[in-house]
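For ligands, and for the atoms within them, numbers begin at 1 and follow the listed sequence.
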Amino acid sequence: MSIQEALEHRRAIRLYDETRPLDSECVKHCLELATLAPTSSNMQLWEAYHVTNKDLIQRLGKAGIGQRTIATATELVVFVVRPDYVKRRAKANLAFQREVIRKTYPEEKWEKYTKLQESYYRKLIPFLYARCFGLVGLFRKAVMQLGGLFAPTPRQVSESDGDVILHKSCALVAQTFMLAMSEQGYDTCPIEGFDSWRVKRALHLPYVAQVSMIVSCGIRRADVPLGERFRIPFEEQYHRID
Ligand SMILES: Cc1cc2nc3c(=O)[nH]c(=O)nc-3n(C[C@H](O)[C@H](O)[C@H](O)COP(=O)(O)O)c2cc1C
């Protein structure tokens with residue numbers, strides 16, 4: 001399939017053919033491809049729970065307010081964001097960047113470029129991601145507003161802005177996964193209509209983890225016609241600026 005064909009094939013499927021199982025290894029491979037999605041500062045603060053257990057799927061179906069797209073799904077992927085992984089991801093990025101610098105630049109430049117990366121992943125990233133009941137975000141916002149008086153400055157730095165950043169990146173991962181699935185001829189539906197507390201309990205997730213999206217997976221029923229696709233006229237959404 002070309003990317004256009006995969007995009008056209010992908011639909012939000014609400015009813016799957018329960019007699020047609022998926023190859024779980026193939027679903028896993030689509031998740032591996034989804035790791036190629038971009039994430040903010042390459043922090044990759046997400047994880048995926050690939051659920052193949054029937055009982056757990058039914059339990060998650062209840063947490064998904066009884067939606068049939070979950071109840072009839074063959075497998076599920078629950079995408080979760082992990083604000084608590086900031087330190088370890090920053091450390092991994094820094095280790096990687098150190099290697100890159102050593103491979104790419106002459107030795108006399110190593111210290112300078114390593115210092116730049118250290119200041120990004122050891123100072124700026126921990127500062128931008130720090131949180132404590134909204135208070136750190138308020139402080140950050142005040143600092144940035146002040147700085148913004150003198151130079152262009154990122155202003156979306158409150159703790160709830162931080163959540164948007166996490167879920168934005170995670171949504172790109174989920175979409176990449178759905179396109180990879182589509183390319184395999186598999187179907188999916190992105191879902192945000194669920195009781196996140198119950199989903200977290202079913203998956204034994206810690207309080208700090210946030211469920212971003214459930215993606216149900218299966219093969220669409222051949223006997224159930226797909227509704228027409230509704231899209232706003234493109235001209236209403238496209239603004240060309242020359
Ligand atoms: C963030 C997000 C959340 C969604 N949540 C649900 C949901 O809870 N239940 C559902 O049936 N569909 C859900 N959808 C699917 C949309 O309704 C669907 O993508 C939209 O109607 C367009 O249809 P299409 O994907 O077939 O083009 C969701 C889609 C997105 C992007």
Side-chain angles (χ1 to χ4, degrees), residues 1-18 20 22 27 30-31 33-34 37-40 45-51 56-83 156 160-203 205 209-238:
M1 260 193 216
S2 68
I3 188 81
Q4 181 171 345
E5 286 164 339
L7 282 161
E8 283 166 357
H9 174 262
R10 189 211 60 77
R11 294 296 311 272
I13 298 299
R14 276 51 181 257
L15 212 52
Y16 295 101
D17 186 340
E18 292 174 76
R20 296 183 67 189
L22 303 181
V27 176
C30 292
L31 281 167
L33 291 175
T39 58
S40 183
L45 293 165
W46 64 274
E47 52 189 13
Y49 291 81
H50 178 187
V51 183
L56 189 51
I57 291 174
Q58 290 317 311
R59 195 166 160 204
L60 288 166
K62 283 185 195 141
I65 337 202
Q67 296 196 59
R68 292 180 80 195
T69 184
I70 302 182
T72 64
T74 317
E75 304 192 1
L76 295 178
V77 176
V78 183
F79 287 94
V80 173
V81 297
R82 297 299 301 253
Q156 286 72 40
S160 54
D161 292 331
D163 284 344
V164 173
I165 289 169
L166 293 178
H167 288 275
K168 215 193 286 184
S169 289
C170 192
L172 291 177
V173 175
Q175 172 70 349
T176 306
F177 168 66
M178 290 189 285
L179 288 180
M181 289 283 280
S182 180
E183 203 251 344
Q184 294 297 324
Y186 286 176
D187 291 305
T188 55
C189 181
I191 300 154
E192 64 183 355
F194 51 77
D195 175 336
S196 58
W197 182 78
R198 285 188 162 79
V199 174
K200 278 167 72 170
R201 216 163 65 140
L203 297 176
L205 292 171
Q210 298 176 28
V211 183
S212 191
M213 206 183 288
I214 298 178
V215 176
S216 61
C217 310
I219 293 175
R220 64 187 75 178
R221 272 183 41 181
D223 57 327
V224 177
L226 277 176
E228 251 181 70
R229 218 169 197 180
F230 168 66
R231 288 297 185 266
I232 300 292
F234 180 59
E235 298 69 44
E236 281 187 35
Q237 294 173 314
Y238 175 73

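Taking a cut-off of under 4.0 Å to the non-hydrogen atoms of Gly193, the atoms of ligand 1 that pass are 8 (O). For ligand 1 and Arg11, the ligand atoms under 4.0 Å from any heavy atom of the residue are 24 (P), 26 (O), 27 (O). Using a 4.0 Å cut-off to heavy atoms of Gln67, the atoms of ligand 1 that qualify are 7 (C), 8 (O), 9 (N), 10 (C), 11 (O). Close contacts between ligand 1 and Arg10 involve ligand atoms 24 (P), 25 (O), 27 (O) [criterion: under 4.0 Å to a heavy atom].
Between atom 16 (C) of ligand 1 and the options His167, Arg231, Glu192, Arg14, the minimum heavy-atom separation is to Arg14.
For atom 20 (C) of ligand 1, no protein non-hydrogen atom is found at a distance below 4.0 Å.
The nearest protein atom to atom 18 (C) of ligand 1, hydrogens excluded, is given as Ala12 CB, 3.7 Å; this is a heavy-atom distance.
Every N/O-N/O distance between Met213 and ligand 1 stays at or above 3.5 Å. Polar contact check, Pro190 against ligand 1: a nitrogen or oxygen pair lies under 3.5 Å apart.
Interatomic distance, Thr188 OG1 to Leu179 CG, rounded to the nearest 0.5 Å: 8.0 Å.
Using a 4.5 Å heavy-atom cutoff, the side chains of Tyr186 and Ile13 are not in contact. No side-chain heavy atom of Arg14 sits under 4.5 Å from any side-chain heavy atom of Gln67. No side-chain heavy atom of Ile70 sits under 4.5 Å from any side-chain heavy atom of Phe194. Counting heavy atoms from C-beta outward, Val211 and Val78 have side chains that approach closer than 4.5 Å.
The salt bridge (charged side-chain N to carboxylate O under 4.0 Å, His left out) pairs that include a residue from residues 170-188 are Asp187-Arg220, where partners are two or more places apart or lie in different chains.
Only the side chain of Cys189 comes within contact range of ligand 1, with a heavy atom under 4.0 Å; no backbone atom does.
Each of Ile219, Thr69, Leu22 was scored for a side chain to side chain contact (heavy atoms under 4.5 Å, CB included) with Tyr16, with one residue passing: Thr69.
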